[in-house]
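Contents: one structure, followed by commentary.
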Amino acid sequence: MTKNILIGYSTWSGVTHEIADAIAKHLSDTGFQTSTVDLKKASEVNDFDAYVLGTSIHASHPNKSFVNFLKNNHSLLSTKPTVLFVVCANLFQDTPENREETLNWLKDSLKNVPEIPYLDIGLFGGATITEGSDYQKLNPFAKMIIKSMKKTIVEKLGNEDFRDWEKIKTWTKEIAKKLK
């Protein structure tokens with residue numbers, strides 16, 4: 001029987017959405033049936049065999065819809081295989097220190113969420129993108145903030161996209177083994 005996996009994401013400008021789509025594709029390639037859903041709009045989530053849930057982190061905080069989804073569905077998620085992934089500009093360099101700091105931000109934000117036994121937590125570098133449907137849905141003030149962030153990041157780091165697609169693919173293949 002093919003397992004049905006919910007790939008849920010909470011994004012600001014679309015970076016986490018793009019990573020969720022890549023995870024869904026890689027899981028589909030390994031034989032799973034996947035549904036990719038914005039956690040702000042997630043309903044009818046009971047009929048899945050497992051959950052892969054992701055959020056971006058900005059200013060050391062994950063998106064509110066991600067935390068709310070975990071709170072509202074903790075009893076379901078604690079009975080089914082659940083995996084988390086985080087997308088954060090702090091991981092512009094994938095160092096042990098940056099991974100620990102990012103993971104601590106996640107754990108701190110989930111301290112009021114009842115315990116859920118996660119199979120794994122993926123930590124991925126983010127990006128500041130200023131195109132795409134998620135970005136276009138933002139209000140003008142949010143777009144202005146992202147454009148300013150992008151300019152600063154490019155000036156300081158010489159790049160605006162720190163996603164490692166090969167790392168995401170490799171991590172997803174490891175997750176697929178754990179979900180089989």
Original post:
Would Asn90 and Thr102 satisfy side-chain hydrogen bond (donor to acceptor under 3.5 Å, both in side chains), going step by step from the backbone distance to the final call?
Top reply: CA-CA 7 Å; Asn90 190 49; Thr102 303; 2.9 Å; yes
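The main-chain N or O of Asn104 is never found under 3.5 Å from a side-chain atom of Asp108 such that the two would form a donor-acceptor pair. Formation of a donor-acceptor pair under 3.5 Å by the Ser78 side chain with backbone atoms of Ser75 is found in this model. Within the 3.5 Å criterion, the main-chain N or O of Ile5 finds no donor-acceptor partner in the side chain of Asp49.
Going from atom CG of Asn63 over to atom OG of Ser109 covers 10.0 Å, rounded to the nearest 0.5 Å. Interatomic distance, Leu106 CG to Ser60 OG, rounded to the nearest 0.5 Å: 11.5 Å.
Grouping Ile, Leu, Val, Met, Phe, Trp and Tyr by side-chain contacts under 4.5 Å, direct or through others, puts Leu157 with Phe92, Ile153, Phe162. If you chain together ILVMFWY residues whose side-chain heavy atoms come under 4.5 Å of each other, Tyr9 ends up in a group of its own.
Listed by chain and residue number, nothing satisfies the ring pair (Phe, Tyr, Trp, His ring centres under 6.0 Å) test with Phe69 (two or more places apart in sequence, or in another chain). Glu155 meets the salt bridge (charged side-chain N to carboxylate O under 4.0 Å, His left out) test with Lys151; sequence neighbours excluded. Every ring pair (Phe, Tyr, Trp, His ring centres under 6.0 Å) that Trp12 has, sequence neighbours left out, goes to His58. Residues passing the salt bridge (charged side-chain N to carboxylate O under 4.0 Å, His left out) test with Glu101, sequence neighbours excluded: none. By the salt bridge (charged side-chain N to carboxylate O under 4.0 Å, His left out) test, Lys177 is found to be paired with Glu174, residues two or more places apart in sequence or in another chain being considered.
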Could you give the side-chain donor-acceptor pairs of residues 18-27 under 3.5 Å, partners two or more places apart or in another chain?
{"from": "Glu18", "atom 1": "OE1", "to": "Arg163", "atom 2": "NH1", "distance (Å)": "2.4"}
{"from": "Glu18", "atom 1": "OE1", "to": "Arg163", "atom 2": "NH2", "distance (Å)": "3.4"}
{"from": "Lys25", "atom 1": "NZ", "to": "Asp29", "atom 2": "OD2", "distance (Å)": "2.7"}

Give the table of side-chain donor-acceptor pairs shorter than 3.5 Å for residues 31-46, with sequence neighbours excluded, one pair per line with atom names and distance.
{"from": "Thr34", "atom 1": "OG1", "to": "Ser28", "atom 2": "OG", "distance (Å)": "3.0"}
{"from": "Asp38", "atom 1": "OD1", "to": "Lys40", "atom 2": "N", "distance (Å)": "3.0"}

Let me check something: any side-chain donor-acceptor pairs from residues 116-129 under 3.5 Å, sequence neighbours excluded? List them with distances.
{"from": "Asp120", "atom 1": "OD1", "to": "Trp171", "atom 2": "NE1", "distance (Å)": "2.9"}
{"from": "Asp120", "atom 1": "OD2", "to": "Lys178", "atom 2": "NZ", "distance (Å)": "2.8"}

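You'll find the side chain of Phe66 reaches within 4.5 Å of the side chain of Leu84, heavy atoms only. With contacts defined as side-chain heavy-atom distances shorter than 4.5 Å, the pair Leu70/Leu110 qualifies. Here the side chains of Phe85 and Thr55 are not in contact, with every heavy-atom distance at 4.5 Å or above. Looking at Tyr135 and Lys143, their side chains come closer than 4.5 Å, going by heavy atoms from C-beta outward.
The salt bridge (charged side-chain N to carboxylate O under 4.0 Å, His left out) pairs that include a residue from residues 89-98 are Asp94-Arg99, Asp94-Lys167, where partners are two or more places apart or lie in different chains. Annotation: salt bridge (charged side-chain N to carboxylate O under 4.0 Å, His left out) contacts involving residues 58-81, sequence neighbours excluded, are absent.
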